[in-house]
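Just so it is clear, the model here is predicted, and its values are computed rather than measured.
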Amino acid sequence: MKEICWDEAFCSEGANCFRFGLDDQGRAYIGSTTDTATYVSDSIEALQALIFAVKAGAADHLL
């Protein structure tokens, strides 16, 4: 079983909390604090691309 080192949770208004993590193989993880067994994983580069895209407005239509 892989060991994921989770950062402190990031919580927005309304207590919607997510956490980011890394494993010893350099994979990046995003998980919810309400269901700690469920998360998505990809490369660090893919996580960076996702964050940059969201910051640039790629997900604004979901708001």
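- Not a single donor-acceptor pair under 3.5 Å links the side chain of S41 to the backbone N or O of Y29.
- Within the 4.5 Å cutoff, the side chain of L22 has heavy atoms near those of the I44 side chain.
- Across T33 and C17, no two heavy atoms sit closer than the pair OG1-CB, 3.1 Å.
- Side-chain atoms of R19 come within 3.5 Å of backbone atoms of T36 as a donor-acceptor pair (strictly under, hydrogens ignored).
- Scanning all heavy atoms of the two residues, the minimum distance from D23 to G26 falls at OD1-N, 3.0 Å.
- Note: I30 CD1 to T38 OG1 = 13.5 Å, rounded to the nearest 0.5 Å.
- By the 4.5 Å heavy-atom criterion applied to side chains, Y39 and F20 are not counted as neighbours.
- One finds the CZ atom of F52 at 11.0 Å from the CG atom of L50 (value rounded to the nearest 0.5 Å).
- Of all heavy-atom pairs spanning V54 and A59, the tightest one is CG2-CB, 4.4 Å.
- Both V40 and L47 belong to a common hydrophobic cluster when Ile, Leu, Val, Met, Phe, Trp and Tyr are linked at side-chain heavy-atom distances under 4.5 angstrom.
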